[in-house]
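Shown next, in structure tokens, is the structure this report addresses.
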Amino acid sequence: QVPLVESGGGLVQAGGSLRLSCAASGRTLSRYSMAWFRQAPGKEREFAAGISWSGGWTDYADSVKGRFTISTDNAKNTVYLQMNSLKPEDTAVYYCASIKIMGWGPSRTADLYDSWGQGTQVTVSS
């Protein structure tokens, strides 16, 4: 497990944008697939977006496809989630996660990730 630190959450009106960042220490992100999950009040944690260790493959939940973009900056060892056209139903705590095995592709299964950030709150008002 490695420390992951998220930032960039906040309050935004519907239709607005936010960019979340997740910085890793002690693990080279270019070798590990990463993902963003989110958890809304009273709901289970769900997959939002994932990116392969090479950056060449991305995966998005249907609910965010076309609005969210996941990317990495290997020089900064940071993964981002650009969120556009935000909706009130996007309100949740967002977590970044690093998959447990080097070289694996991203997965929608939370149990395959062994490192998690502390979460950052995103609130979208209508």
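What you see is a predicted model; the values in this text were computed from it and never measured.
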For this session: Taking atom types as modelled, find out whether Asp73 and Thr78 have a side-chain donor-acceptor pair closer than 3.5 angstrom.
Result: no
For this session: Check for a donor-acceptor pair, side chain of Ser54 on one end and backbone N or O of Gly56 on the other, with a separation under 3.5 Å.
Result: yes
Problem set entry | Any donor-acceptor N/O pair, Asn77 side chain to Ala24 backbone, under 3.5 Å | yes
Exercise. Which of these, Trp36, Tyr80, Tyr95, Phe68, sits in a side chain to side chain contact (heavy atoms under 4.5 Å, CB included) with Leu20?
Worked result: Trp36
Problem set entry | Residues Gln82, Ser17; criterion side-chain contact (heavy atoms from CB on, under 4.5 Å); working and verdict | CA-CA 8 Å; Gln82 177 67 44; Ser17 299; 4.0 Å; yes
Problem set entry | Reported CG-to-OH distance for the pair Asp114 and Tyr32, which is rounded to 0.5 angstrom | 8.0 Å
For this session: Mind listing the closest non-hydrogen atom pair of Leu4 and Ser115 along with its distance?
Result: CD1-O, 3.4 Å
Problem set entry | Check: Asp111 main-chain N/O paired with Lys100 side-chain donor or acceptor under 3.5 Å | yes
Problem set entry | Euclidean distance, Ser107 OG relative to Ile101 CD1, rounded to 0.5 Å | 12.5 Å
For this session: Begin with the C-alpha distance, continue with both residues' side-chain angles, and end with the deciding distance and a verdict on side-chain contact (heavy atoms from CB on, under 4.5 Å) for Gln13 and Val124.
Result: CA-CA 5 Å; Gln13 289 188 333; Val124 184; over 6 Å; no
Exercise. Between Met83, Lys87, Arg38, which is the residue that forms a side chain to side chain contact (heavy atoms under 4.5 Å, CB included) with Val64?
Worked result: Arg38
For this session: Is it possible for you to say whether Tyr60 and Phe37 belong to one hydrophobic cluster, with membership spreading through side-chain heavy-atom contacts below 4.5 Å?
Result: no
Exercise. Any chain of hydrophobic side-chain contacts (each under 4.5 Å) joining Val2 to Ile99?
Worked result: no
For this session: Measure across Ser33 and Tyr113 and return the closest heavy-atom pair with its distance rounded to 0.1 Å.
Result: O-CE2, 4.3 Å
Problem set entry | Heavy atoms of other groups near Arg108 CZ, more than 12 under 6.0 Å | yes
Problem set entry | Gap between atom CD1 of Ile51 and atom CD1 of Ile70 - 0.5 Å precision | 5.5 Å
For this session: Look at atom CH2 of Trp53 and say whether more than 12 heavy atoms of other residues, nucleotides or ligands are closer to it than 6.0 Å.
Result: no
Problem set entry | Main-chain N/O of Cys96 paired to Glu6 side chain as donor or acceptor, under 3.5 Å | yes
For this session: Start with the C-alpha distance between Thr69 and Leu81, add both sets of side-chain angles, then the distance that settles side-chain contact (heavy atoms from CB on, under 4.5 Å), and finish with yes or no.
Result: CA-CA 6 Å; Thr69 302; Leu81 185 67; over 6 Å; no
Exercise. What pair of heavy atoms forms the shortest contact from Met34 to Cys22, and how long is it?
Worked result: CE-SG, 4.3 Å
Exercise. Which is it for Val93 and Arg45 under the side-chain contact (heavy atoms from CB on, under 4.5 Å) test, yes or no, and what are the steps along the way?
Worked result: CA-CA 9 Å; Val93 177; Arg45 189 172 299 189; over 6 Å; no
Exercise. Is the backbone of Gly9 close enough, under 3.5 Å, to the side chain of Thr120 for a donor and an acceptor to pair up by distance?
Worked result: yes
Exercise. Quick one: OG on Ser98 to CH2 on Trp104, what's the gap to the nearest 0.5 Å?
Worked result: 12.0 Å
Exercise. Roughly how far, to the nearest 0.5 Å, is OG1 of Thr109 from CZ of Phe47?
Worked result: 9.5 Å
Exercise. How far does CZ of Arg67 sit from CG of Asp90, to the nearest 0.5 angstrom?
Worked result: 4.0 Å
For this session: Check for a donor-acceptor pair, side chain of Thr123 on one end and backbone N or O of Leu11 on the other, with a separation under 3.5 Å.
Result: no
For this session: Heavy atoms only: give me the nearest Pro88-Ala14 pair and the separation to one decimal.
Result: CD-CB, 4.1 Å
Exercise. Is there a donor-acceptor contact under 3.5 Å linking the side chains of Thr91 and Glu89?
Worked result: no
